[in-house]
Amino acid sequence: MVAYSKIVVAGGGIIGNSISYYLAKHHSTPCTIIDPVGIAPAASGKAGGFLAKDWSDGTPIQELQRRSFELHALQAEHLGSDRIDYRRLECMAVACDESATTIAKPSGKKLE
């Protein structure tokens, strides 16, 4: 017997995968994800998945941004950080002086 999904999700990026994940987890609803390229084929899987918790602070989407950040950590806990390549990093923001008259070129050496 072949099992069929009643729900088909178009797109295998972060949105399509998240919809399918939560339907399965909270509603026991099987989904079929379709994507012409594959699962996480573009920015969702290739751009490092960089998220920042506070970049939208003070804007109308502040709470959405913070909740999204928290949900990624919960998914990693549930699915296993190693399975989904989730890792929490510390980062720093650097401000540039736009009035500077010269721009120093990088030395080409890797930062350690």
Side-chain angles (χ1 to χ4, degrees):
M1 183 169 129
V2 178
Y4 292 96
S5 299
K6 291 184 178 183
I7 297 175
V8 176
V9 177
I14 189 64
I15 303 298
N17 278 289
S18 293
I19 290 168
S20 299
Y21 172 80
Y22 283 103
L23 282 171
K25 182 177 180 188
H26 294 295
H27 302 286
S28 300
T29 303
C31 299
T32 298
I33 300 173
I34 58 169
D35 191 286
V37 179
I39 301 301
S44 296
K46 307 296 183 261
F50 187 80
L51 296 172
K53 184 176 184 177
D54 58 358
W55 279 1
S56 296
D57 282 2
T59 72
I61 63 167
Q62 173 179 327
E63 294 308 313
L64 179 63
Q65 171 97 20
R66 287 179 167 268
R67 182 67 178 139
S68 175
F69 188 87
E70 293 165 5
L71 287 173
H72 275 81
L74 289 173
Q75 281 186 338
E77 186 178 307
H78 182 255
L79 298 173
S81 296
D82 293 342
R83 285 185 66 202
I84 63 170
D85 291 331
Y86 176 87
R87 61 199 176 283
R88 185 88 180 256
L89 302 172
E90 296 285 328
C91 296
M92 180 185 308
V94 178
C96 298
D97 181 359
E98 294 178 10
S99 66
T101 57
T102 60
I103 299 173
K105 292 183 179 180
S107 66
K109 295 181 180 179
K110 291 183 179 179
L111 297 175
E112 297 185 54

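What you see is a predicted model; the values in this text were computed from it and never measured. Atom set for the values below is all heavy atoms of this structure, side chains included, hydrogens, waters and symmetry mates excluded.
Across Asp35 and Gly13, no two heavy atoms sit closer than the pair OD2-N, 4.4 Å. When all heavy atoms are compared, the tightest approach of Ser18 to Gln75 is OG-NE2, 4.3 Å. Here the closest heavy-atom approach between residue Gly12 and residue Ile33 is recorded as CA-CG2, 3.7 Å. Of all non-hydrogen atoms in Cys31 and Val9, the two that sit nearest each other are CB-CG2, 4.3 Å.
Applying the side chain to side chain contact (heavy atoms under 4.5 Å, CB included) rule to His78 yields the partners Tyr21, Lys25; only residues at least two apart in sequence or on another chain are considered. With sequence neighbours excluded, no residue satisfies ring-ring contact (aromatic ring centres under 6.0 Å, His included) with Phe69. Glu70 pairs by the side chain to side chain contact (heavy atoms under 4.5 Å, CB included) definition with Arg67, not counting sequence neighbours.
By the 4.5 Å heavy-atom criterion applied to side chains, Asp54 and Arg66 are counted as neighbours.
Listed for the Ser68 side chain is no donor-acceptor partner under 3.5 Å among the backbone atoms of Leu64. Proximity of a side-chain donor or acceptor of Glu77 to a complementary backbone N or O of Ala73 within less than 3.5 Å is not detected.
Transitive grouping of hydrophobic side chains (ILVMFWY, heavy atoms separated by less than 4.5 Å) brings Ile15 and Ile7 into a common cluster. In this structure, Tyr22 is a member of the same hydrophobic cluster as Leu79, with clusters built from ILVMFWY side-chain heavy atoms closer than 4.5 Å.
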